[in-house]
Amino acid sequence: MSVAPTETPERKAFYERIDKDNLTPLWSVLGDLVTPEPKSGCQAYGWKFDKVRDAMLEAGDLITAKEAERRVLIYENPGLRGQSKITTSLYAGVQLVLPGEVAPAHRHTQSALRFVLEGSGAHTAVNGEKTIMEYGDFVITPPMSWHDHGNETDAPMFWLDGLDIPLVSMLDASFAESLGEDEQPITRQTGQSYAEFGHALMPINADVSRTASPIFNYPYVRSRETLEAMKRGSDPDACHGWKVRYSNPLDGGSAMPTISTFIQMLPAGTTMPYRSTDATIFVGVEGGGKTTISDVAIEWGPRDVFVVPSWKPVVHEVASESLLFSFSDRVVQEKLGLWRERRGNV
Ligand code: 1HN
C-alpha cells in the first residue's frame, strides 16, 4: 500500500484536536495495517534442548510442580519478548514433572498439546482417562477438558507444551478454573479412547460433532510406522519429505480446532524452498541437520525447538534421515480463507 501522506501543520493540528476524542486518521497508519506481504515481529530462532534442560532442572530445585501449578519455562520469541509468545498466535514452553510430583487438575478454553521430549511412563489425565506418555507421543487437551499430570516413575519427565494462548487472548475468550483436587476422578480405562477411535472404528453412538479429536494420545510408534510405510511406498515430497498431519477421526480435520500438528521424515539431502503463511514451531525428533530460514541458519537435533515465521522461505538440510514434529495455526487460517503456500524459489 501507499506511504503515509506528508504531515502539514494544518493536518498535524487536526490530528491533535481529534486525538482528544479518540479518533485517528487511517491514512497515517494504512501502510502498517495492510501490508503487501506478512510483516511480523516474529523472528526465526532456535533453542537447544540441553541448555533448556539445565535451566529446567534448576527450576526443579526452586519450585515444585504443585506450587507452580505448571513448572514451565516459556519459549519466548526474541522479537516478541514479554508477551509469552513463540509466534504471533501461539505459545510454547517446556514442562518438567519430577518423580512423585503432580500438576493439579484444571481446565481452560485454551487448547493444549504436549510433545514428549524426555522420560517414559509419566501420565496425563484428560476428561476422566489416563494415558501413559513415551518419547515422541503427541497428546492433546481440547478446550475446557479437565487435565492433570503425574510422574510415578523414578526419572524426570520433560515435554513441550503448545497452546493457542495468544489467539484466545486476542479474541478475549479466556475462561479457566481449578478442580480443587490434585487429580480428577478416573472414569475410563487407560487406552480406551485410542482403542475406540484409533483403528478406523468408532462406537456407533459416538458424538461426531465434537470439535477436537476423541483420541488424546497419538503414540509415536504409530506415527513412525506410518512414515516408514510411506517411505517404502512413495517418493518423498521435494519440500516436506514424507509428512503427515494428525487428524480427528470424526471428520478428518485437525486433531484440535485451533492448532494444526504434523510429523515428517526427511530423507538425507536438501529440501526445495517452501513458505507458508502459518508461522511454524518445529521440534527435532530423530537425526538432525540445518534449517535455513531466509538468511538465518539453525542447527538442530533431537528435542531442539526452532521457529519459522510466516512467509519466510525454509530449506531443511539433513545428512541422514531425520524426523521433525511441528505445529502452527494453519487450521485457523484455512477456516478463514487466509492460508497460502508457495513452493520453490519464486
Ligand atoms: C497448562 O494448562 C499446561 O496443563 C501447561 O500442562 C502450560 C500454560 C499456560 C496456561 C495453561 C498444562 C500452560 C497451561
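All ligand and atom numbering here is 1-based and tracks the order in the structure. For clarity, every value in this text was computed on a predicted model and none was experimentally measured. Counting begins at 1 with the first residue of the sequence. Heavy atoms only: backbone and side chains are in, while hydrogens, waters and symmetry mates are out.
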Which one holds for Q110 and ligand 1: side chain close, backbone close, both close, or neither close, with close meaning a heavy atom under 4.0 Å? neither

Heavy-atom pairs closer than 4.0 Å: do any link ligand 1 to the side chain of T141, the backbone, both, or neither? neither

So [Y] and [X], do their side chains get closer than 4.5 Å, heavy atoms only?
| X | Y | answer |
| --- | --- | --- |
| V307 | W47 | yes |
| R210 | P142 | no |
| V285 | Y220 | yes |

Please confirm whether F282 and H316 have ring centers closer than 6.0 angstrom. yes

H147 ring center near H106 ring center (under 6.0 Å): yes

Would you call the rings of Y246 and Y218 parallel, tilted or perpendicular, where under 30° means parallel and over 60° means perpendicular? perpendicular

Test of proximity, H147 against ligand 1: N or O pairs below 3.5 Å: yes

Heteroatom proximity flag, H106 to ligand 1, N/O under 3.5 Å: yes

Which residue holds the protein heavy atom closest to atom 10 (C) of ligand 1, what is that atom called, and what is the gap in Å? I165 CD1, 3.9 Å

Considering only protein heavy atoms, which is closest to atom 8 (C) of ligand 1, and at what distance to one decimal place? Y91 OH, 3.5 Å

By number and element, which atoms of ligand 1 are closer than 4.0 Å to a non-hydrogen atom of [X]?
| X | result |
| --- | --- |
| H108 | 1 (C), 2 (O), 11 (C) |
| R114 | 3 (C), 4 (O), 5 (C), 6 (O), 12 (C) |
| Q95 | 5 (C), 6 (O), 12 (C) |

Among W300, F262, F306, F115, find the residue that satisfies the ring-ring contact (aromatic ring centres under 6.0 Å, His included) test when tested with F325. F115

Check contact between E69 and ligand 1, using heavy atoms of the residue and a distance below 4.0 angstrom. no

Counting heavy atoms only, which of L163, V139, D161, V168 comes nearest to atom 13 (C) of ligand 1? L163

